[in-house]
Amino acid sequence: MASLGQLFWSFFKIGTFTLGGGYAMIPLMEKELVDRHGWLTNEEFLDIITLSQTMPGIFAANMAAHIGWRLRGVPGAVISVLGNVLMPILIILALAMGLRYFQGNPLVEAIFKGIRPVVVALIAAPVFRMAKIAHITRYNCWIPVVAALLIWLLGVSPIWVILAAGIGGFVYGKYLEKKEVEL
């Protein structure tokens, strides 16, 4: 069982060493919370990611709150969120105060351009791990591809895609349930 101090420290490290926002935190969270401490299983972690994406608000804070609540109740949620957002808030404040001095600096712009591909890789890596956990196979991989294309190319609202996927999953689950009863 995680102590409040362990939760704070784990989420503080995650918040401190993540570049690129909430989705870039996923690999660090998985390594720290699932692999290192064993506080969550891979399936629980995937469920929390899914739930956190559907909730309004900041994704990383939603993840921290849900994990903290699951492990230590309301105090765990508060401590986890505080640990997760403390350093990014301080960094953003420092950057905002110093931005006018560095704005237009070619070196700073080059550094940020260099960070972009790293952030993309940090987000892409857990997608493939999560696909394995979610049992995405060659037979059903078309579903997330079609969903992404609908959103990206056709401008369909993600809300409609999520609703359609939820209804489709429910209907498919009922179909499988009916098939099992017939056997």
Side-chain angles (χ1 to χ4, degrees), residues 1-134 148 151-152 158-159 162:
M1 176 60 75
S3 71
L4 292 176
Q6 288 173 314
L7 275 176
F8 178 84
W9 181 244
S10 290
F11 279 101
F12 183 79
K13 289 189 297 186
I14 291 165
T16 300
F17 296 108
T18 301
L19 296 172
Y23 291 101
M25 287 184 178
I26 292 172
L28 290 175
M29 283 185 177
E30 183 179 26
K31 184 175 177 117
E32 180 76 11
L33 307 172
V34 176
D35 300 338
R36 183 164 181 241
H37 292 292
W39 293 335
L40 302 166
T41 66
N42 283 322
E43 290 77 17
E44 289 171 323
F45 187 69
L46 181 60
D47 289 344
I48 292 171
I49 290 171
T50 304
L51 180 64
S52 297
Q53 289 174 331
T54 62
M55 297 170 60
I58 302 166
F59 174 71
N62 290 345
M63 289 274 299
H66 192 83
I67 292 167
W69 175 79
R70 186 176 208 143
L71 296 175
R72 293 299 306 254
V74 173
V78 171
I79 288 295
S80 297
V81 171
L82 182 63
N84 192 246
V85 301
L86 182 62
M87 188 55 77
I89 287 173
L90 294 175
I91 291 170
I92 289 169
L93 283 173
L95 286 173
M97 291 182 348
L99 182 63
R100 63 184 146 162
Y101 299 111
F102 297 109
Q103 197 169 11
N105 183 321
L107 178 62
V108 172
E109 289 179 13
I111 289 170
F112 280 111
K113 284 182 183 175
I115 290 173
R116 285 182 193 150
V118 174
V119 171
V120 170
L122 285 172
I123 293 170
V127 166
F128 294 109
R129 277 195 302 274
M130 287 186 294
K132 186 176 179 183
I133 295 167
I151 294 167
W152 179 50
I159 294 169
I162 291 168

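Along the sequence shown, residues are numbered consecutively beginning with 1.
- Considering only residues two or more places apart in sequence or on other chains, D47 meets the side chain to side chain contact (heavy atoms under 4.5 Å, CB included) condition with none of them.
- Heavy atoms only, all atoms of each residue included: A77 and A65 are closest at CB-O, 3.4 Å.
- Heavy atoms of other residues, nucleotides or ligands lying less than 6.0 angstrom from CD1 of I58 number 12 at most.
- Between S80 and I67 there is no side-chain heavy-atom pair separated by less than 4.5 Å.
- The shortest side-chain heavy-atom distance between E109 and P106 does not fall under the 4.5 Å cut-off.
- Side chain of R72 to backbone of A2: a donor-acceptor contact under 3.5 angstrom is found.
- Shown here are the side chain to side chain contact (heavy atoms under 4.5 Å, CB included) partners of T54, two or more places apart in sequence or in another chain: L51.
- To the nearest 0.5 Å, atoms CD1 (I79) and CG (L71) are separated by 13.0 Å.
- From I26, atom CD1 reaches atom CE of M63 across 6.0 Å, with rounding to the nearest 0.5 Å.
- By the side chain to side chain donor-acceptor pair (under 3.5 Å) test, E32 pairs with S10, K13, R36, H37, sequence neighbours left out.
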Test side chain to side chain contact (heavy atoms under 4.5 Å, CB included) on M29 and N84 and set out the steps.
CA-CA 10 Å; M29 283 185 177; N84 192 246; 4.1 Å; yes
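- Checked against salt bridge (charged side-chain N to carboxylate O under 4.0 Å, His left out), E44 has the following partners two or more places apart in sequence or in another chain: R70.
- Checked against F45 for a side chain to side chain contact (heavy atoms under 4.5 Å, CB included), the options T50, V34, D35 give a single hit: V34.
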Mind running side chain to side chain contact (heavy atoms under 4.5 Å, CB included) on L40 and E30 for me, showing each step along the way?
CA-CA 9 Å; L40 302 166; E30 183 179 26; over 6 Å; no
Let's go through L86 and F11 carefully: what are the C-alpha distance in whole Å and the side-chain angles of both, what is the deciding distance for side chain to side chain contact (heavy atoms under 4.5 Å, CB included) to 0.1 Å, and is it a yes or a no?
CA-CA 9 Å; L86 182 62; F11 279 101; over 6 Å; no
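- Among residues two or more places apart in sequence or in another chain, the side chain to side chain contact (heavy atoms under 4.5 Å, CB included) test is passed with L93 by I89.
- Using bins of under 30°, 30° to 60° and over 60° for the plane-to-plane angle, the ring pair F12/W9 lands in the parallel bin.
- Residues satisfying the side chain to side chain contact (heavy atoms under 4.5 Å, CB included) criterion with Q53, sequence neighbours excluded, are Y23, I49, F59.
- When all heavy atoms of S3 and Q6 are compared, the closest pair comes out as N-OE1, 2.8 Å.
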